[in-house]
Amino acid sequence: MRLLMLGGTEFVGRAVTEAALARGWEVTVFHRGRHEAPDGAVSLLGDRTAEGGLDALAASDGAWDVVVDTWSGAPRAVRDTARLLAGRAGRYVYVSSASVYRWPIAAGSDESHALVAGDPEADSVGYAEDKRGGELAAVAEFGAERTVLARAGLILGPYENIGRLPWWLNRVARGGPVLAPGPRELDLQYIDARDLAAWVLDAATAGLHGLYNIVSPIAHTTTEELLKACVAVAGAADVELRWTDPSVIAEHGIEPWTQLPVWAPPGEMHDSMHRTSTEKAVAAGLRARPVADTVADTWAWLRSIGGVAPQRPDRPVVGLNPELEAKALGL
């Protein structure tokens with residue numbers, strides 16, 4: 001198989017590239033040159049946001065079985081790239097997001113849930129609208145029968161450049177009392193970037209098309225299992241998880257999801273973030289590895305790069321201020 005990976009040097013794109021190379025695929029990575037592509041991939045350099053940014057891709061004589069695109073900016077960038085490649089590639093896999101679903105998302109909702117508005121011709125408007133516009137652009141240029149829209153939920157794993165799981169790992173490594181958001185048995189959904197990558201490549205090989213929610217099955221893990229896995233691999237000798245009621249967290253103005261990454265309190269926010277149906281994707285081969293494996297491998301990667309995860313400049317910094325954490329714990 002011949003893969004053109006748009007991006008391919010960070011997080012999800014890198015996971016896809018490495019997985020394809022491990023399968024013996026021929027991989028071309030189109031990227032801006034800010035990071036090295038994985039060994040074995042052919043690089044084409046260009047910036048989709050710049051005038052003439054697709055020139056290197058246009059000038060190449062490559063043809064591919066599948067294109068994988070993780071773009072989350074202006075939808076017109078997806079439009080322009082897909083239009084250029086429509087006659088040179090067999091299938092377009094756009095890694096979209098569950099954010100395209102209109103809020104709130106009822107527990108158990110599937111791919112038929114109502115969507116936000118999107119414009120394939122637009123400049124960047126906002127994350128959800130941009131992802132929806134990217135979906136529409138991909139389908140407009142490749143057609144519904146040659147397009148896969150992989151609507152990913154929360155993504156964790158090695159190479160994470162958002163900072164959610166890295167923050168928890170570094171927090172327990174710092175030790176002492178840790179504000180653990182309750183209830184401890186609260187179910188969580190996420191997808192390891194490597195499992196997302198494997199499904200994307202399998203989908204391309206199988207000739208799939210259409211919409212798929214790509215996240216673990218509902219109740220794949222719990223808050224307690226996630227945090228205990230962090231403690232098991234990274235916890236300092238004196239680390240102590242102090243389970244804290246959501247009402248106490250709210251009283252101190254602590255923001256779910258951002259200041260306490262991954263976590264959302266029970267209710268509408270939790271149902272929208274962590275209870276999406278993935279029956280269609282599971283039937284099409286999606287598998288989710290145990291949370292302990294995701295946590296351990298992410299910690300190993302973090303240690304290999306000095307403990308500080310890269311940070312995307314277009315995403316807010318996540319994590320809880322130590323002073324606010326201490327105050328909420330009554331320290």
Side-chain angles (χ1 to χ4, degrees), residues 8-19 21-22 35-36 38-39 152-182 184-199 214-216 219-244 256-264 273-274 287-312 315-322 325:
T9 64
E10 295 187 277
F11 201 17
V12 173
R14 191 173 193 93
V16 173
T17 300
E18 290 186 349
L21 290 168
H35 307 278
E36 292 292 328
D39 291 341
L154 169 65
I155 307 172
L156 303 176
Y159 305 123
E160 187 195 336
N161 55 4
I162 309 300
R164 296 185 178 107
L165 184 51
W167 183 83
W168 279 113
L169 286 161
N170 283 322
R171 175 61 194 92
V172 302
R174 197 167 75 239
V178 176
L179 193 160
R184 64 176 71 196
E185 69 276 8
L186 193 64
D187 50 292
L188 302 179
Q189 265 186 316
Y190 75 92
I191 191 69
D192 188 300
R194 297 165 295 177
D195 296 331
L196 169 58
W199 187 88
I214 307 299
V215 68
S216 65
H220 176 67
T221 190
T222 65
T223 306
E224 182 176 37
E225 289 172 348
L226 175 69
L227 296 191
K228 282 190 171 181
C230 290
V231 170
V233 298
D238 65 340
V239 68
E240 175 194 359
L241 296 178
R242 291 198 180 177
W243 294 99
T244 305
W257 197 256
T258 52
Q259 290 181 297
L260 289 174
V262 178
W263 178 77
M273 297 288 196
H274 290 296
R287 299 292 179 266
R289 70 191 65 203
V291 66
D293 292 355
T294 297
V295 170
D297 292 346
T298 303
W299 179 239
W301 162 70
L302 264 181
R303 293 179 68 190
S304 75
I305 60 171
V308 179
Q311 176 67 46
R312 281 182 56 165
R315 297 294 184 88
V317 176
V318 300
L320 183 59
N321 177 287
E325 179 185 29

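Just so we're clear, the structure is a prediction, and the values are computed from it rather than from any experiment.
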Quick check: closest heavy atoms across [X] and [Y], and the distance to 0.1 Å?
{"X": "Val318", "Y": "Ile162", "result": "CG2-O, 3.9 Å"}
{"X": "Ala152", "Y": "Leu196", "result": "CB-CD2, 4.4 Å"}
{"X": "Tyr159", "Y": "Glu18", "result": "OH-OE2, 2.8 Å"}
{"X": "Arg289", "Y": "Asp297", "result": "NH1-OD2, 4.4 Å"}
{"X": "Ile191", "Y": "Asp195", "result": "CD1-CB, 3.8 Å"}
{"X": "Thr298", "Y": "Pro158", "result": "OG1-N, 3.4 Å"}

So [Y] and [X], do their side chains get closer than 4.5 Å, heavy atoms only?
{"X": "Trp263", "Y": "Leu227", "value": "no"}
{"X": "Val262", "Y": "Tyr190", "value": "no"}
{"X": "Leu186", "Y": "Pro181", "value": "no"}
{"X": "Leu154", "Y": "Val215", "value": "no"}
{"X": "Leu260", "Y": "Trp168", "value": "yes"}
{"X": "Gln259", "Y": "Leu320", "value": "yes"}

Who passes side chain to side chain contact (heavy atoms under 4.5 Å, CB included) against [X], sequence neighbours left out?
{"X": "Thr222", "value": "Glu224, Glu225"}
{"X": "Ala19", "value": "Ala197, Leu201"}
{"X": "Thr17", "value": "Met5, Leu21, Val27, Val29, Pro38, Ala41"}

side-chain hydrogen bond (donor to acceptor under 3.5 Å, both in side chains) involving Glu240 - partner list, sequence neighbours excluded
Arg242
Reference residue Glu160; test side-chain contact (heavy atoms from CB on, under 4.5 Å); the match among Thr294, Ile155, Leu165:
Leu165
Once you round to the nearest 0.5 Å, how far does [atom1] of [X] lie from [atom2] of [Y]?
{"X": "Leu226", "Y": "Thr221", "atom1": "CG", "atom2": "OG1", "result": "6.0 Å"}
{"X": "Arg14", "Y": "Glu36", "atom1": "CZ", "atom2": "CD", "result": "9.0 Å"}
{"X": "Thr223", "Y": "His274", "atom1": "OG1", "atom2": "NE2", "result": "7.0 Å"}

Tell me which donor-acceptor pairs under 3.5 Å the side chains of residues 232-239 have, and how far apart each pair is, sequence neighbours excluded?
unit_1	atom_1	unit_2	atom_2	d
Asp238	OD1	Gly176	N	3.3

Run the numbers on Trp199 and Ile214 for side-chain contact (heavy atoms from CB on, under 4.5 Å), then give the verdict.
CA-CA 8 Å; Trp199 187 88; Ile214 307 299; 3.6 Å; yes
May I have the step-by-step check of side-chain contact (heavy atoms from CB on, under 4.5 Å) for Val291 and Leu156, ending in yes or no?
CA-CA 10 Å; Val291 66; Leu156 303 176; over 6 Å; no
Give me each pair satisfying salt bridge (Lys or Arg N to Asp or Glu O under 4.0 Å) with a member in residues 165-180, each pair once, sequence neighbours excluded.
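Every salt bridge (Lys or Arg N to Asp or Glu O under 4.0 Å) pair that includes a residue of residues 165-180, provided the two are not neighbours, is Arg171-Glu325, Arg174-Glu325.
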